[in-house]
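Below is one structure; the comments refer to it alone.
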Amino acid sequence: MDFSFTPEQESFARTVENFARKEVLPGAEYRDDTCTWDWNLWRKIGEMGLAGLPLPEEYGGSGASAVTSLLAYEAFCRGGKDAGLYLSLGAHLFICAIPIWLHGTEEQKKRFLPKLASGEWIGALGLTEPNAGSDAAGVQTTARRERDYYILNGSKMFITNGPIADVVLVVATVDKSRRADGLTAFLVEKDTPGFFISRELKKMGHRSSPTAELIFEDCRVPMENRLGEEGKAFTATTDALVWERGVFLAAEAIGLMGAMLEDALDYARTRTQFGKPIADFQMIRDKLANLKVMLDASRLLSYRAAWMKDAGLDGKFEASIAKAYYADALVRFADEALQIFGGYGYMKEYSIERLYRDARLMPIGGGTSEVQRLVVASKLIRG
Ligand SMILES: Cc1cc2nc3c(=O)[nH]c(=O)nc-3n(C[C@H](O)[C@H](O)[C@H](O)COP(=O)(O)OP(=O)(O)OC[C@H]3O[C@@H](n4cnc5c(N)ncnc54)[C@H](O)[C@@H]3O)c2cc1C
């Protein structure tokens with residue numbers, strides 16, 4: 001067993017963290033306040049190679065392993081403290097570009113991945129619907145074959161990057177009665193006739209990331225934009241689960257925990273009450289220790305899942321265990337960290353107020369905490 005990173009991995013993570021501190025952090029509060037998506041920053045992320053880090057080099061990525069990717073994106077979140085920007089980056093990469101890499105034809109990979117990896121394009125995943133969330137097999141958006149096209153009809157809800165995406169990986173059904181076995185994935189490009197943004201959605205947190213409801217009305221998608229076989233969309237999205245739960249969301253959770261711990265420690269050391277730093281009070285020390293325990297437990301569970309991916313092991317069960325833990329831990333973490341700041345924690349002067357709101361998404365997105373526990377329990381019971 002080896003818990004260490006290579007010097008190259010550590011040096012790369014430092015470079016990414018410095019980039020995030022210099023380029024992302026300064027505008028994070030403004031983007032949250034004004035719900036602004038920053039194209040300029042997105043291009044810089046592309047230039048840094050962060051829009052497609054784990055994608056193979058032949059398609060414009062860097063071929064980074066799951067562990068290296070987790071370390072780099074953890075550093076990005078810790079240094080930049082912009083959960084919204086990172087949510088957009090993660091949705092683009094882990095639930096759009098990676099499924100294309102894993103399930104696309106050679107022609108699709110060559111057509112889409114270099115533009116996605118460079119940041120010239122941004123991607124999205126359209127799976128959730130107004131009436132199909134945790135029960136993803138209950139998708140109602142239909143895809144009817146008509147000669148060399150599929151005709152899509154339906155709507156998608158809560159889609160990250162929906163208003164700005166150049167390509168959306170849309171999951172529709174070719175036969176509702178087949179449930180999961182009818183689900184089919186399509187790459188729907190921005191200007192496809194019949195594809196509309198219905199409305200942008202206002203959110204509690206992650207406000208620098210645009211979210212939308214999307215509508216498909218007799219939307220004609222060419223045959224060559226079908227991703228994988230008919231009825232195989234579930235495999236296309238579940239194959240990316242370790243990337244999604246063990247790397248993408250894990251990096252956000254542990255990156256934000258790292259940032260909050262750093263800020264809480266600084267504050268506890270410098271804030272004085274009753275003539276001494278509040279860090280001298282045992283109840284504050286108890287909180288700081290709890291934060292460190294939650295951070296390390298979340299990190300170890302996440303890196304285990306990512307390591308399994310790199311070792312060619314399945315890792316989906318371990319990724320769900322990790323997410324079941326770190327998602328709920330992040331909410332408790334933000335709450336305890338904010339408490340250390342007292343009244344200032346409730347004000348916008350410190351980023352803890354924003355990160356507290358951001359944290360609340362983690363037990364909801366990417367499979368709720370209840371769903372992670374269903375996955376863990378059903379594997380335990382099946383044996
Ligand atoms: C900011 C944001 C961004 C998002 N981005 C995307 C995106 O880019 N693409 C995309 O496709 N989706 C996206 N989503 C959707 C997200 O994945 C869903 O919100 C999530 O899967 C839960 O679905 P739901 O909201 O419909 O909740 P529901 O499934 O209706 O769940 C409601 C509650 O019931 C619980 N529940 C449901 N079923 C069970 C069960 N069997 N047993 C026990 N409890 C259960 C849930 O855990 C939850 O507590 C996003 C959501 C948000 C909030």
Side-chain angles (χ1 to χ4, degrees), residues 19 23-24 31 36-64 69 72-73 76 82 84-127 152 156 158-171 185-197 200 206 208-216 219-228 233 236-237 240 243-244 247-248:
F19 166 80
E23 301 288 350
V24 178
R31 289 188 294 275
T36 301
W37 168 254
D38 186 337
W39 278 116
N40 199 26
L41 195 47
W42 175 248
R43 305 283 177 233
K44 287 185 186 168
I45 286 170
E47 282 160 22
M48 269 296 284
L50 293 173
L53 198 57
L55 298 173
E57 287 178 19
E58 58 184 309
Y59 304 119
S62 303
S69 301
Y73 292 117
F76 182 87
D82 187 334
L85 179 72
Y86 178 69
L87 176 68
S88 280
L89 163 57
H92 151 89
L93 172 58
F94 292 98
I95 53 182
C96 179
I98 285 189
I100 298 174
W101 164 37
L102 299 180
H103 294 277
T105 61
E106 196 50 37
E107 190 273 331
Q108 288 170 337
K109 291 186 217 181
K110 286 194 175 125
R111 185 149 62 99
F112 292 103
L113 293 182
K115 286 185 191 144
L116 292 170
S118 67
E120 182 187 340
W121 275 22
I122 188 159
L125 168 72
L127 172 63
L152 268 55
K156 294 289 170 185
F158 308 141
I159 307 307
T160 300
N161 299 340
I164 54 169
D166 295 281
V167 59
V168 184
L169 197 172
V170 176
V171 178
F186 299 92
L187 296 164
V188 181
E189 292 170 65
K190 187 166 63 179
D191 297 323
T192 309
F195 168 32
F196 308 101
I197 294 144
E200 271 205 47
H206 290 83
S208 54
S209 167
T211 313
E213 180 179 6
L214 307 178
I215 303 274
F216 302 89
C219 174
R220 284 166 70 81
V221 180
M223 179 69 200
E224 63 264 25
N225 280 27
R226 190 185 74 200
L227 185 74
T237 41
W243 285 107
E244 185 186 9
V247 181
F248 160 26

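Numbering starts at 1 and runs along the sequence shown. Because only heavy atoms are used, hydrogens play no part in the values below, and waters and symmetry mates are left out as well, while side chains stay in.
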Could you tell me whether the side chain of [Y] reaches within less than 4.5 Å of the side chain of [X], counting heavy atoms only?
X	Y	value
Leu41	Glu23	yes
Phe76	Met48	no
Leu93	Leu55	yes
Phe19	Ile45	yes
Phe248	Leu89	no
Ile159	Thr211	no
Leu152	Phe195	no
Leu214	Ile197	yes

Which distance, rounded to the nearest 0.5 Å, do you find between the [atom1] of [X] and the [atom2] of [Y]?
X	Y	atom1	atom2	result
Trp42	His92	CH2	NE2	4.0 Å
Glu106	Tyr59	CD	OH	3.5 Å
Ser88	Asp82	OG	CG	9.0 Å
Leu102	Trp243	CG	CH2	8.5 Å

Closest heavy-atom contact between [X] and [Y]?
X	Y	result
Cys96	Leu169	O-CD1, 3.9 Å
Pro99	Leu227	O-CD2, 3.9 Å
Ile164	Pro210	CD1-CG, 3.7 Å
Val168	Gly126	CG1-N, 3.7 Å
Ser209	Leu87	OG-CD2, 3.9 Å
Val247	Ser69	CG1-CB, 4.0 Å

Could you check whether any side-chain N or O of [X] sits under 3.5 Å from a backbone N or O of [Y], counting only pairs where one atom can act as donor and the other as acceptor?
X	Y	result
Ser118	Glu120	yes
Tyr86	His206	no
Ser208	Leu85	yes
Arg43	Gly119	yes
Gln108	Arg226	yes
Asp166	Ile122	yes
Arg220	Pro222	no

When the aromatic ring centroids of Phe216 and Phe186 are compared, is their separation below 6.0 Å? no
Assess whether side-chain contact (heavy atoms from CB on, under 4.5 Å) is satisfied between Leu125 and Phe94, documenting all intermediate values. CA-CA 9 Å; Leu125 168 72; Phe94 292 98; over 6 Å; no
Below 3.5 Å, can you tabulate the donor-acceptor pairs from side chains in residues 109-116 to any protein atom, sequence neighbours excluded?
| from | atom 1 | to | atom 2 | distance (Å) |
| --- | --- | --- | --- | --- |
| Lys109 | NZ | Trp101 | O | 3.4 |
| Arg111 | NE | Glu107 | OE2 | 3.0 |
| Arg111 | NH1 | Glu189 | OE2 | 3.2 |
| Arg111 | NH2 | Asn225 | OD1 | 2.7 |

